[in-house]
Amino acid sequence: MNTTNSEQPRDFIRDIINNDLQTNKYGGQVHTRFPPEPNGYLHIGHAKAICLNFGIAADYNGLCNLRFDDTNPIKEEQEYIDSIIDDIRWLGFDWENRLYYASDYFEQMYEYAVQLIKAGKAYVDELSADEIRDYRGTLTHPGRHSPYRNRSIEENLDLFGHMRAGEFPDGSRVLRAKIDMASRNLNMRDPVMYRILHSEHPRTGDKWCIYPMYDWAHGLEDSIEGITHSICTLEFEDHRPLYDWFLDELGIYHPHQIEFARLNLTYTVMSKRMLLELVQKGQVSGWDDPRMPTISGLRRRGYTPESIRNFSRRIGVAKTGSTIGIALLEHCLRQDLNKQAQRVMGVLRPLRVVIDNYPEDQVEELDAVNNPEYPGAGTRKVPFSRVLYIERDDFREDPPKNFFRLAPGREVRLRYAYFITCVDVSKDEQSGEVVELHCTYDPATRGGDSPYGRKVKATLHWVSAKYALEAEVRLYNQLFIKEDPTNVEDGADFKAYLNPNSLEILASCRVEPSLANATPGSRYQFERQGYFCVDPDSSAGKIVFNRTVPLRDTWAKIEKHEDK
RNA sequence: UGGGGAAUAGUCUAGUGGUAGGACAGCGGAUUCUGGAUCCGUCAGGGUAGGUUCGAAUCCUACUUCCCCAGCCA
């Protein structure tokens, strides 16, 4: 089965587009947009929408705009704009010269509002926010008309002008569409179009003190840009009648809004509000903490853009509310990293091993292959010497059944090196902890092959004690212990389900010397352990690695089963 | 009690009146100088009840369950 590319995705949105193309609804054009609000960092859920919108444009030889929906200066910041641009670029998408801002259209939107007032379809209301809520009615009861609903067009025009001129305080007045206070769709009960906000805007500064609401602004933005298919998430489904109403009343170009289900992932949260809270309360180190589902967090963790794009393609697009298992994301990651990542040896929890019959001062430079999936990656030299470190987990004094690794009297292979046999175990007298192993090696097995065809059941990774580099390794686990942390028991908060063991720092790991010049962001497979990525926290004296994802571990599974 | 949506294996997803297919997860085996990768096999599915039809996941009717909506947020 082809799991990586080429087959055209098929989904209900592309079905709609195919149909529109056949009927020539938009003159054969396909033009989408990704419209983030710059009030936080992008996360993997946004990546789904980005891949969808840019992907559709690419599939149909169309265009996709990047447009910041910057209509609420209270929550929006330049930092977020910058991070969003970086993240989408990193994901591999290009909007060419089509970077737009809703705020670019404020003047045009104002004129459209005047047009609606002149048509008797909008009015300035002086009810307070509380009163408006009260007048709106409820889900089951209709609302009531505001006493200001029937002002003259002239008065509305005049008042709206004074709103723009900054003559009224925040909250004192709003411009509302005059639709239907009895509509069964609450969005149609005279929705607010403009509110007064004397707030500095990241782009327009203090030019404006009235700002358009989403429902009013969004369709106009799409219309102005000539968008054909305006793709958004399910919760906007019952806003569509309003989207359509504004464009129809104005009589301007009318894109088609299509809604799809947003992405949910197990063991994490996908709401900007919750992610912001984790950042602000210091539960994580920042928006780019490698445990965060943000694009910047995944990047720092070591995810590749390819793996995220592939994931987005494989989860599909539908209207069914769904939650994808994190295992699928990790599968896509491993699939990519397995092909890309150079192999190295690194020992996370070192156990000292002395090869008794190996000459004291001898060093051998042994050949190790860089990537068995891609022979073109070549080989490198790894130094072997009398004292080594192996993984503590690779030795058991009293091995359980099915444990193939090192144990007293047992022979194993050191990868690319020699067969060794454990002849003695030194322990700490107080604690009984194993502190050192004594082994012998078979010189005839140099390079790791037995000339006699002698078999060994395990191959271990190792480093030379003398030549290894010291490194810090950060092991990450799921941020939450609950599959759906937002599904809280009453009184509880999603933070109650934070995993106390989501980060484990190993301060004195040993890695092979070829890693001396590894640069931040570079990714490796530590053989038999997982994929790791150099963190920007690394310094000249100490490399810091993030564990991106462990390798699949059949042994761990067997061990777990036998525990039961 | 109103309106808008959605229901296919443990989790996603295809199929658009004609043998329910794929992926992830699981399980078993082969192979392996990574208990990785690879390969092979296997488990398991149309919310319920009726109806139309030679034939229904698909069409019709009724019901059930879940999600969203009462911001001057998006």
- prompt: Hey, what's the ring geometry for A/Phe526 with A/Phe532, parallel, tilted or perpendicular (30° and 60° as the breaks)?
  reply: parallel
task: Give A/Ile132 one of three labels, base, sugar-phosphate or nothing, depending on what nucleic acid heavy atoms sit under 4.0 Å from its own.
output: base
message: Say we look at B/C40 and B/A6: how far apart would their P atoms be, to the nearest angstrom?
response: 38 Å
task: Name the closest nucleotide to the A/Arg405 side chain, picking from B/C73, B/G35, B/U34.
output: B/G35
message: Rounding to an integer number of angstrom, what distance separates B/U58 and B/U52 when you compare their C1' atoms?
response: 13 Å
message: Please classify the nucleic acid contact of A/Pro372 as base, sugar-phosphate, or nothing, using heavy-atom distances under 4.0 Å.
response: base
- prompt: Syn or anti for B/G28, taking syn as within 90° of 0?
  reply: anti
- prompt: Does the side chain of A/Arg405 reach to within under 4.5 Å of the side chain of A/Leu460, using non-hydrogen atoms?
  reply: yes
statement: By nearest-heavy-atom nucleotide on RNA chain B, the more 5' of A/Val192 and A/Arg240 is A/Arg240
message: Please confirm whether the shortest side-chain N or O distance from A/Arg10 to OP1 or OP2 of B/G15 is below 4.0 Å.
response: yes
message: Output the rounded distance in Å from NE2 (A/His331) to P (B/G10).
response: 21 Å
- request: Take atom C1' in B/G51 and the same atom in B/A9, then report the distance between them in whole Å.
  value: 28 Å
message: Considering every strand and a 4.0 Å limit on heavy-atom distances, what is the contact class for A/His239: base, sugar-phosphate, or nothing?
response: base
query: OP1 or OP2 of B/C73 sitting under 4.0 Å from any side-chain N/O of A/Lys272?
result: no
field: Interatomic distance where CD1 belongs to A/Ile326 and P belongs to B/C12 [whole Å]
entry: 14 Å
field: Rounded distance in Å between the P positions of B/C59 and B/U42
entry: 32 Å
- prompt: To the nearest angstrom, how far is A/Tyr135 atom OH from B/C72 atom C1'?
  reply: 17 Å
Of the listed nucleotides B/G5, B/U8, B/U16, the one nearest the side chain of A/Asp15: B/U16
- request: Please work out which of the three classes, parallel, tilted or perpendicular, describes the rings of A/His43 and A/His46, given edges at 30° and 60°.
  value: tilted
statement: Note: for A/Leu414 and A/Leu139 on RNA chain B, the residue whose nearest nucleotide lies more 5' is A/Leu139
- prompt: Taking CG from A/Asn187 and C1' from B/G2, how many angstroms apart are they, rounded to a whole number?
  reply: 13 Å
message: Could you check B/G15 for me: syn (within 90° of 0) or anti?
response: anti
message: On the nucleotide B/U34, are OP1 or OP2 found under 4.0 Å from the side-chain N or O atoms that A/His461 carries?
response: no
- request: Please check the phosphate of B/G35 (OP1 and OP2 only) for any side-chain N or O of A/Arg528 closer than 4.0 Å.
  value: yes
- prompt: In whole Å, what separates the P atom of B/A25 from that of B/A20?
  reply: 27 Å
message: With a cut-off of less than 4.0 Å, is there a side-chain N or O of A/His561 near OP1 or OP2 of B/C27?
response: yes
- request: For the side chain of A/Glu37, starting at C-beta, report the closest nucleotide among B/A74, B/G36, B/G2.
  value: B/A74
- line: From the candidates B/A74, B/A37, B/A6, the one with an atom nearest any side-chain atom of A/Lys319 is B/A6
message: Counting distance alone, no hydrogens or angles: does the base of B/U34 have a donor or acceptor under 3.5 Å from a partner atom on the side chain of A/Gln525?
response: yes
- prompt: Is there a donor and acceptor pair, one atom on the side chain of A/Glu259 and one on the base of B/G4, closer than 3.5 Å?
  reply: no
query: A/Gln342 and A/Asn371: side-chain donor and acceptor closer than 3.5 Å?
result: no
field: Residue-phosphate contact under 4.0 Å: A/Arg262 side-chain N/O, B/C68 OP1/OP2
entry: no
- prompt: What integer number of Å spans the C1' atoms of B/U53 and B/A44?
  reply: 30 Å
statement: Against the side chain of A/Ala327, the closest entry in B/U34, B/G2, B/A25 is B/A25
task: Could you tell me whether A/Leu127 contacts a base, only the sugar-phosphate backbone, or nothing, with contacts defined as non-hydrogen atoms closer than 4.0 Å?
output: base
task: Scan A/Asp215 against the nucleic acid and name what it touches under 4.0 Å (heavy atoms): base, sugar-phosphate only, or nothing.
output: nothing
- prompt: In Å, rounded to the nearest 0.5 Å, how long is the span from OG of A/Ser230 to CZ of A/Arg240?
  reply: 11.0 Å
field: Rounded distance (Å) that lies between atom P of B/C72 and atom CD of A/Glu131
entry: 13 Å
message: Taking CZ in A/Arg184 as the centre, count heavy atoms belonging to other residues, nucleotides or ligands within less than 6.0 Å. Is the count above 12?
response: no
task: Quick one: label A/Leu551 by what it contacts on the DNA or RNA (base, sugar-phosphate, nothing), any heavy atom closer than 4.0 Å.
output: base
query: OP1 or OP2 of B/G36 less than 4.0 angstrom from a side-chain nitrogen or oxygen of A/Thr554, does that happen here?
result: yes
field: Closest to side chain of A/Lys557, choosing from B/C72, B/G26, B/C12
entry: B/G26
message: Of the listed nucleotides (B/C72, B/U34, B/C27), which one gets closest to any side-chain atom of A/Glu527?
response: B/U34
- prompt: In Å and rounded to the nearest 0.5 Å, what is the NZ to OG1 distance from A/Lys482 to A/Thr266?
  reply: 13.5 Å
query: Does a side-chain N or O from A/Arg313 land closer than 4.0 Å to OP1 or OP2 of B/A23, or not?
result: no
- prompt: Taking OP1 and OP2 of B/A74, is either one under 4.0 Å from a side-chain nitrogen or oxygen of A/Thr71?
  reply: yes
field: Distance between C1' atoms of B/C68 and B/U16 (Å, rounded)
entry: 27 Å
message: Would you call the rings of A/Phe68 and A/Tyr101 parallel, tilted or perpendicular, taking 30° and 60° as the class edges?
response: parallel
message: Classify the ring geometry of A/Tyr41 against A/Trp287: parallel below 30°, tilted from 30° to 60°, perpendicular beyond 60°.
response: parallel
task: Evaluate the side-chain proximity of A/Leu242 to A/Ile179: yes if any heavy-atom separation is below 4.5 Å, no if none is.
output: yes
- request: Measure from the side-chain heavy atoms of A/Ile558 and tell me the nearest of B/U34, B/G35, B/C24.
  value: B/G35
query: Touch check for A/Phe236, heavy atoms < 4.0 angstrom, all strands: base, sugar-phosphate only, or nothing?
result: base
- request: Measure the distance from CG on A/Asp484 to P on B/U11 and round it to the nearest whole Å.
  value: 14 Å
field: C1' spacing across the pair B/G55 / B/U64, given as an integer number of angstrom
entry: 27 Å
task: Taking only the side-chain heavy atoms of A/Arg552 (C-beta and beyond), determine which of B/U13, B/A74, B/G26 contains the nearest atom.
output: B/G26
message: Does A/Arg343 contact B/U34 through a side-chain donor or acceptor facing the base, at a distance under 3.5 Å?
response: yes
message: Closest approach to the side chain of A/Leu328, judged atom by atom: which nucleotide of B/U13, B/G36, B/C24 is it?
response: B/C24
- prompt: What about A/Asp238: does its side chain form a donor-acceptor pair under 3.5 Å with the base of B/G3?
  reply: yes
